[in-house]
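So the structure is just underneath, and the comments pick up after that.
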Amino acid sequence: QILNDVTLLFYFPFDSDRPLMDFSTNGYYGYTSSTYMMSNGRRNEALLFNTSMSYFQSQCVPALRTSIVFTISLWVYPVLGGNGGTLIHF
């Protein structure tokens, strides 16, 4: 379980009635580039996109603009073959 403490900047579990809402104490919102469906994920729910150009984006997180050290964790399950793509972009 992830605890909401001062080091957690955002947490998008994608498994609620508001799948694009950040469940940390910061309350950021996420956006998608296209229509998505909810799908069974590694744990609970996940986003399933309908095109290869689809993406999820969080609103600006000012703390990531500093020189602090941070970790990003995510589960990715590609369901279609392809030539790869960008998973995280700053």
Side-chain angles (χ1 to χ4, degrees):
Q1 170 148 1
I2 296 176
L3 300 176
N4 288 332
D5 60 23
V6 295
T7 60
L8 183 63
L9 294 178
F10 49 86
Y11 174 54
F12 293 97
F14 304 125
D15 61 351
S16 72
D17 58 341
R18 297 173 295 171
L20 303 180
M21 184 167 176
D22 167 30
F23 277 75
S24 75
T25 58
N26 296 311
Y28 295 116
Y29 285 95
Y31 307 92
T32 59
S33 63
S34 63
T35 304
Y36 66 90
M37 299 183 312
M38 297 307 294
S39 176
N40 290 330
R42 167 99 165 75
R43 179 176 179 204
N44 300 326
E45 300 287 326
L47 298 181
L48 176 64
F49 292 108
N50 60 356
T51 71
S52 62
M53 299 301 292
S54 299
Y55 61 87
F56 168 81
Q57 176 179 338
S58 173
Q59 73 184 71
C60 178
V61 179
L64 294 180
R65 293 184 178 185
T66 65
S67 60
I68 64 170
V69 176
F70 58 90
T71 300
I72 295 176
S73 176
L74 60 125
W75 288 95
V76 177
Y77 182 74
V79 294
L80 298 174
N83 296 325
T86 302
L87 292 178
I88 298 175
H89 177 75
F90 286 92

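Position 1 is the first residue of the sequence, and the numbers go up from there. All values reported here derive from a predicted model rather than from experimental measurement.
Take Phe56 and apply the ring pair (Phe, Tyr, Trp, His ring centres under 6.0 Å) test, not counting sequence neighbours, and it matches Phe12, Phe14. Among residues two or more places apart in sequence or in another chain, the side-chain contact (heavy atoms from CB on, under 4.5 Å) test is passed with Ile72 by Phe70, Leu74, Ile88, Phe90.
Ser33 and Ser54 get closest at one heavy-atom pair: OG-CA, 3.1 Å.
In this structure, Asn26 contributes its side chain and Leu9 its backbone to a donor-acceptor pair below 3.5 Å.
Following chains of ILVMFWY side-chain contacts shorter than 4.5 Å, one can reach Tyr28 starting from Leu20, so the two form part of one hydrophobic cluster. At a threshold of 4.5 Å between side-chain heavy atoms, the hydrophobic network of Ile, Leu, Val, Met, Phe, Trp and Tyr places Met21 and Tyr55 in two separate groups.
Residues Tyr11 and Asp22 meet the side-chain proximity criterion, which asks for heavy atoms closer than 4.5 Å.
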